[in-house]
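Fair warning: this is a prediction, and the values are worked out from it, not measured in the lab.
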Amino acid sequence: MVNTLKKYTVLILLMIGLVFLGIGCTGTKNNEGPSSAEETPAGESQSILLKGSDTVLPLAQAEAEEFMNENTGKSITVTGGGSGVGISALIDGEVNIASASREMTEDEIKSAEAKGINPVKTTIASDGITVIVNPSNPVSNFTFDQLRGIYNGSISNWKEVGGTDAQISVISRDSSSGTYKDFQKDVLQGDEYRPDALTQPATGGIVTEVSQNTNAIGYIGFAYLDSSVKALSLDKGNGSVTPTAESIRNGSYPLSRSLYFYTNGEPSGLTKEFTDFVLSEKGQSIVSTVGYIPLKKVKQPLN
């Protein structure tokens, strides 16, 4: 009988212990940790999410890789999808950083503020939207009027702009792209893209299409330019200018622009650490290595 009571006592103690252990585990799960777009407490493994521009993507990936090499236990997850996708994710509180190749629109800023998000813009590099054709194409430069005509549909044959007698295959980014928006604003000047333009969800797809199609034309970020395609010089009325690091840096290339990080408020925690790294001497050297143009003045508050 005594042995039986001892057995029951042991079983009861074990059950009580398991109950308390279960409460402890449940408490850990119910005390939710930081959301995907929040910082983890100091001293713990930290991670942030960055999402947005495909133009910025190779730069953000290179910066994140080097940052993580130097900072064990800290993680930067980088994805693309387009500037609009990244900005929407920031507005919805899903990411710490939205990368963008364009500025936020007034509607996007209002939408962010309505959700309690305070977008702060940090310039991280300079770029030039680069118009490309197949290397076998004899055309080497365009006026803005010619480029506008090709993309709004009023020009459809290469012979109209000094090329061979062949239909122009027009390639564009999709509407979520910041480059799409900038090109429409600066080149099309409010016109709609021609309806038969082939859209690509990523910049790499445009490079591939143009490299394989002798009659194709497209536009890309400067860092994506390689020997498989040919960059065109552009004339906006002050003479033809070729896209180079120097012409983009001094602004003489007519499609020069800035690349941005957007955050909710001034960067803090790991977001600030990573942003500061990108703006550091080493981070800006990575900008050059990737193929974009480093800068000096970097912080710009929204108006």
Side-chain angles (χ1 to χ4, degrees), residues 53-60 83 99-103 121-135 137-152 155 161-163 168 170-173 177-191 193 200 203-204 206-207 210-211 216-261 278 284-298 300:
S53 168
D54 282 306
T55 298
V56 181
L57 183 61
L59 172 58
S83 298
S99 59
S101 59
R102 63 168 175 84
E103 296 191 0
K121 177 181 67 180
T122 300
T123 305
I124 60 166
S126 294
D127 176 36
I129 298 177
T130 305
V131 181
I132 57 171
V133 295
N134 189 276
N137 194 318
V139 173
S140 59
N141 61 77
F142 273 150
T143 66
F144 261 48
D145 286 341
Q146 290 173 322
L147 189 57
R148 181 185 181 191
I150 287 174
Y151 271 88
N152 69 16
I155 296 175
V161 289
I168 302 173
V170 177
I171 305 173
S172 168
R173 281 298 312 277
S177 162
T179 307
Y180 172 102
K181 299 289 187 184
D182 277 346
F183 191 87
Q184 185 176 39
K185 174 174 64 73
D186 296 335
V187 176
L188 291 178
Q189 300 175 8
D191 289 353
Y193 281 87
Q200 287 288 337
T203 305
I206 294 181
V207 175
V210 174
S211 68
I217 184 172
Y219 55 85
I220 59 175
F222 183 65
Y224 283 87
L225 182 64
D226 62 29
S227 60
S228 70
V229 294
K230 180 173 75 172
L232 297 184
S233 300
L234 298 179
D235 184 353
K236 199 176 181 179
N238 296 313
S240 186
V241 182
T242 301
T244 64
E246 183 56 33
S247 66
I248 292 170
R249 181 180 291 108
N250 64 31
S252 61
Y253 179 65
L255 289 180
S256 300
R257 60 177 178 171
S258 296
L259 304 178
Y260 309 107
F261 279 174
V278 173
Q284 288 294 293
S285 71
I286 294 173
V287 171
S288 295
T289 300
V290 170
Y292 290 121
I293 295 84
L295 43 79
K296 292 181 180 179
K297 188 175 180 179
V298 293
Q300 298 180 12

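- Taking Ser233 as the reference, Asn141, Ser240, Thr242 meet the side-chain contact (heavy atoms from CB on, under 4.5 Å) condition, with sequence neighbours excluded.
- No side-chain heavy atom of Tyr151 sits under 4.5 Å from any side-chain heavy atom of Val187.
- Shown here for Arg173 and Gln200, the closest heavy-atom pair between the two residues is NE-O, 3.1 Å.
- Side-chain N or O atoms of Ser83 include one that pairs as donor or acceptor with a backbone N or O of Ser101 at under 3.5 Å.
- A search for ring-ring contact (aromatic ring centres under 6.0 Å, His included) contacts involving Phe144 returns nothing, not counting sequence neighbours.
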Distance-only criterion, 3.5 Å: show the donor-acceptor pairs between side-chain atoms of residues 220-229 and protein atoms not counting sequence neighbours.
unit_1	atom_1	unit_2	atom_2	d
Tyr224	OH	Asp54	O	2.6
Asp226	OD1	Ser228	N	2.9
Asp226	OD1	Ser228	OG	2.5

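- Between Val241 and Pro254 the shortest side-chain heavy-atom distance falls below 4.5 Å.
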Val133 vs Leu232, side chain to side chain contact (heavy atoms under 4.5 Å, CB included): CA-CA, chis, key distance, verdict: CA-CA 7 Å; Val133 295; Leu232 297 184; 3.7 Å; yes
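- Checked by atom type and distance alone, the side chain of Gln184 pairs as donor or acceptor with a backbone atom of Asp191 at under 3.5 Å.
- Residues satisfying the salt bridge (Lys or Arg N to Asp or Glu O under 4.0 Å) criterion with Arg257, sequence neighbours excluded, are Asp127, Asp182.
- Between the Tyr292 side chain and the Thr55 main chain, a donor and an acceptor come within less than 3.5 Å of each other.
- Partners of Asp145 by salt bridge (Lys or Arg N to Asp or Glu O under 4.0 Å), not counting sequence neighbours: none found.
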Report the C-alpha separation of Thr123 and Ser258 in whole Å, then their side-chain angles, then the decisive distance to 0.1 Å, and conclude whether the side chain to side chain donor-acceptor pair (under 3.5 Å) test is met. CA-CA 7 Å; Thr123 305; Ser258 296; 5.0 Å; no
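- Partners of Asn134 according to the side-chain contact (heavy atoms from CB on, under 4.5 Å) rule, which considers only residues two or more places apart in sequence or in another chain, are Ser136, Thr214.
- The shortest side-chain heavy-atom distance between Thr179 and Thr203 does not fall under the 4.5 Å cut-off.
- Qualifying salt bridge (Lys or Arg N to Asp or Glu O under 4.0 Å) partners for Asp235, counting only residues two or more places apart in sequence or in other chains: none.
- By the ring-ring contact (aromatic ring centres under 6.0 Å, His included) test, Tyr253 is found to be paired with no residue, residues two or more places apart in sequence or in another chain being considered.
- Taking the side chain as every heavy atom from C-beta outward, Ile217 and Asn137 never approach each other to under 4.5 Å.
- Between Tyr260 and Arg102, the closest heavy-atom pair is CD1-O, 3.4 Å.
- Under the salt bridge (charged side-chain N to carboxylate O under 4.0 Å, His left out) criterion, the residue pairs touching residues 242-253 are Glu246-Arg249, with sequence neighbours excluded.
- Of the possible donor and acceptor atoms, one in the side chain of Gln284 sits under 3.5 Å from a partner among the backbone N and O of Val278.
- Ser256 contributes no side-chain N or O that, together with a main-chain N or O of Ser252, makes up a donor-acceptor pair within less than 3.5 Å.
- Closest approach of Thr130 and Pro243 over heavy atoms only: CG2-CG, 3.9 Å.
- Here the straight-line distance linking atom NZ of Lys181 with atom CG of Asp186 works out to 13.5 Å at 0.5 Å rounding.
- For the atom pair OG of Ser288 and CG of Leu59, the computed distance is 10.0 Å after rounding to the nearest 0.5 Å.
- The ring-ring contact (aromatic ring centres under 6.0 Å, His included) search around Tyr193 returns Tyr180, not counting sequence neighbours.
- In terms of the side-chain contact (heavy atoms from CB on, under 4.5 Å) criterion, residue partners of Gln146 (sequence neighbours excluded) are, by chain and number, Phe142, Thr143, Val161.
- Residues forming a side chain to side chain donor-acceptor pair (under 3.5 Å) with Ser172 (at least two apart in sequence, or on another chain): Tyr219.
- Note that CD1 of Ile293 is 8.0 Å distant from OG of Ser247, once rounded to the nearest 0.5 Å.
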